[in-house]
Amino acid sequence: MPLVTEEQALQILEKGDVVALPTETVYGLAARVDDDSALTKIFATKERPFFDPLIVHVQNLMHAQAWAHVDSVSRVLADHFWPGPLTLVLEKKDCVSKLINNGGPTVALRSPSHPMFQNLLQKIGTPLAAPSANMFGKTSPTEAQHVIEEFKDKIPVLDGGPCINGIESTVLKVDSDKNQVEILRPGIIHERELNEFLNERKISFSVTTRQSDQSPGHLQNHYQPSSPLILVEGSRSLDAGALSVLQKLDSKNWQELRMDEDPTLAARYLYGRLREISRNRQPMWIRLHPHWKSESLWAGILDRIEKAASGRLCLVDSQWQLILKH
Ligand code: TXA
Ligand code: MG
């Protein structure tokens, strides 16, 4: 059963069930927003707590306005970046189910650009809630096969090919009182790009990135692969001492998770590589390059790697030390 056609995906959604759909960021586990029993199935399938709010996917800005009050800066952003990997947190209208954001006052909206997703939105005529199609806290899927593996064939999947962005959308919230645009979750559309865009439009709002653990649903551990991932700081190569420290944590063969130098490619392939190595239950390490911290293009990737990691290996007084998160 798991692979379905667009027609079958439409029927599944119409009758209030969940189906995994491709987007340009990651695969989403979709259900219609106007049916609480369908929304409940998303939480149950992912074993996701209700406090973690869902993103609602709409066709375009006009449809967004039926579900939320869209302030003028958010409108300009949506007009430019939609359809695309940008999610806007907005003041919700009464028609939004309490299940979407645990009864909170806001709703997160985005218009995905994947043609299959757009096509379904148009045919079904109602927005679709869709968190990433993985068990809560685990690595997001960027290929149909990842979803099949994740849910052991239990969830129908529409195969739309590999996701081109590879990490989840940038989530932001406009604060018109403070003339601020706050990034709640970094992504492909990054801080510098947003600043440049607003400057061009002569909108004097500053863009800031919030400490991600202050955002709802953002936990210290997220996107976690099924075997340990350790961040290695500094440029010294891993010697026998470093390896013996790692072996104490996991005695199997440690693999380096190599990243592309181009952040667009690094983001596109990150989750696939994490899955590939952890499929064999192999532990992994990744070198943290200092320039990643200062380049806004890398912020989204760094955010995912830090949350996916179980700890850091660093040199303290020339001794390798492993600092685990918990
Ligand atoms: O790219 C994406 O955004 C993917 C694809 C499938 O569209 N979706 C996705 O959904 O990443 P999910 O559920 O894995 O992440 C949703 C996150 C929440 O954990 C939270 O951090 C933020 O979006 N969010 C959603 N609603 C919010 C709200 N009302 N206020 C603040 N943050 C919100
Ligand atoms: Mg997710």
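Order of appearance sets the numbers: ligands from 1, and atoms from 1 within every ligand. The chain is numbered in sequence order, starting from 1.
- Among the backbone and side-chain atoms of S140, no N/O/S atom is found under 2.8 Å from the Mg ion (ligand 2).
- Proximity of L184 to ligand 1, defined as any heavy-atom pair under 4.0 Å, is confined to the side chain (atoms from C-beta onward).
- Using a 4.0 Å cut-off between heavy atoms, T106 contacts ligand 1 through both its backbone and its side chain.
- Distance check: I323 CD1 to S310 OG gives 13.5 Å after rounding to the nearest 0.5 Å.
- Contact annotation: K173 has no heavy atom less than 4.0 Å from any atom of ligand 1.
- Salt bridge annotation for E24-R110: present, with a cationic side-chain nitrogen under 4.0 angstrom from a carboxylate oxygen.
- The residues E182 and K173 are annotated as not salt-bridged, no charged nitrogen and carboxylate oxygen being separated by less than 4.0 angstrom.
- Below 3.5 Å of separation, one finds no N or O of Y27 facing any N or O of ligand 1.
- The aromatic rings of W298 and W292 sit parallel, their planes meeting at an angle under 30°, below the 60° perpendicular limit.
- Which parts of ligand 1 touch R185 is read off a 4.0 Å heavy-atom cut-off, strictly below it: atoms 2 (C), 3 (O), 9 (C), 11 (O), 15 (O), 16 (C), 17 (C).
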Exercise. Do F197 and F81 pass the ring-ring contact (aromatic ring centres under 6.0 Å, His included) test, and can you show the C-alpha distance, the side-chain angles, and the key distance before you say yes or no?
Worked result: CA-CA 10 Å; F197 170 75; F81 290 103; 5.2 Å; yes
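- The distance from the SG atom of C163 to the NE2 atom of H146 is 9.0 Å, given to the nearest 0.5 Å.
- In this structure, R48 has a heavy atom closer than 4.0 Å to ligand 1.
- Within the 4.0 Å heavy-atom shell around ligand 1 one finds A130.
- Between K46 and ligand 1, no pair of N/O atoms sits closer than 3.5 Å.
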